Amino acid sequence: APGVVTVPAGATLTLEKGMEPARETLELARVTAPRSVARRLKIDAGAPLVKLIRLRLMDQTPISIDTSYLPLERFPGFMRAYRAEGSLYELMRDTFDKGPVRAHDVLEPVLISVFESQVLHVAAGSPAILVERIAYNRDDVPIEFTKSVFRGDLCRFSIEFTEKEIDDSQPSDPGNT
């Protein structure tokens, strides 16, 4: 549909002709790992993290808020190396030689919070899609946990499976998410 942003499983934004992507850094901070984030990154609660909050825009319209957490022990010097205009994954790969090689995403319908409504310019309580991602390096170590909230009125998700990824000989397990 015109004006709808499709976000495939690989998290590459597919744009309608003429759409202009942009991003803004809302926060870059050194924080301590809350228990829920530490568990996902397989680090100790209280360990130092980078917290990066970015706003994604299409044609100057806000479409998502991404909150990323990276363990500082795996990315020493990140705070100095970060450039708002650059790709996070390119920085991880090119500067630290620790780019992600795989990721696990979980999608969940949610309602926009008051903070999100102010940043995304929609009413609090509007529908959204929360995408939680854990990205792993080539040693299968988690290197990033991200929570992205996408506007429900402008985004849709497309997930494609190849023959290798489809195994219909096993029953699906809805509890294994």
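Every value quoted in this text rests on a predicted model; they were computed, and no experiment measured them. Nothing fancy with the numbering, it's 1 onward along the sequence. Reckoned from all heavy atoms, side chains included, excluding hydrogens, waters and symmetry mates.
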When clusters are formed by joining ILVMFWY residues with side-chain heavy atoms under 4.5 Å apart, either directly or through shared neighbours, do [X] and [Y] land in the same one?
X: Phe78; Y: Ile53; value: no
X: Leu57; Y: Leu26; value: yes
X: Val31; Y: Leu52; value: no
X: Leu88; Y: Val50; value: yes

When you compare the side chain of [Y] with that of [X], does any pair of heavy atoms fall below 4.5 Å?
X: Lys51; Y: Thr67; value: yes
X: Val119; Y: Pro62; value: no
X: Leu41; Y: Leu49; value: yes
X: Glu73; Y: Ile43; value: yes
X: Leu107; Y: Leu130; value: no
X: Leu70; Y: Phe145; value: no
X: Ile63; Y: Leu120; value: no
X: Arg151; Y: Thr61; value: yes

Would you find a donor on one side and an acceptor on the other, under 3.5 Å apart, between the side chain of [X] and the backbone of [Y]?
X: Arg56; Y: Ile65; value: no
X: Glu116; Y: Ser113; value: yes
X: Ser126; Y: Ala123; value: yes
X: Asp44; Y: Ala47; value: no
X: Lys98; Y: Arg74; value: yes

To check you understand the geometry: which heavy-atom pair defines the closest contact between [X] and [Y], and what is its length?
X: Pro142; Y: Ile134; value: CB-CG2, 3.8 Å
X: Ala29; Y: Met79; value: C-CE, 3.7 Å
X: Arg80; Y: Arg83; value: O-NH1, 2.9 Å

* Pair Leu91-Tyr82, side chain to side chain contact (heavy atoms under 4.5 Å, CB included): steps then yes or no -> CA-CA 7 Å; Leu91 175 65; Tyr82 176 75; 4.3 Å; yes
* Short N-O contact, Arg23 and Glu85, less than 4.0 angstrom ->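 Judged by the 4.0 Å cut-off on N to carboxylate O distance, Arg23 and Glu85 do not form a salt bridge.
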Is atom [atom1] of [X] surrounded by more than 12 heavy atoms (other residues, nucleotides or ligands) closer than 6.0 Å?
X: Arg102; atom1: CZ; answer: yes
X: Lys147; atom1: NZ; answer: no
X: Glu27; atom1: CD; answer: yes

* To do: Please step through side chain to side chain contact (heavy atoms under 4.5 Å, CB included) for the pair Arg30 and Leu72, ending with a clear verdict.
  => CA-CA 8 Å; Arg30 185 177 191 256; Leu72 265 174; 3.2 Å; yes
* For Tyr89 and Glu144, test the side chains for any donor-to-acceptor distance below 3.5 angstrom and give the result as yes or no. =>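 A donor-acceptor contact under 3.5 Å links the two side chains.
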* Thr146 side chain to Asp66 side chain, donor-acceptor N/O pair below 3.5 angstrom ->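 Their side chains do not contain a donor-acceptor pair, so the 3.5 Å distance test is not met.
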* To do: Could you please spell out the steps behind the side chain to side chain contact (heavy atoms under 4.5 Å, CB included) verdict for Val149 and Ser64?
  => CA-CA 5 Å; Val149 176; Ser64 75; over 6 Å; no
* Which residue, Phe96, Tyr136, Phe75, forms the side-chain contact (heavy atoms from CB on, under 4.5 Å) with Ile143? ->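 The passing option is Phe75.
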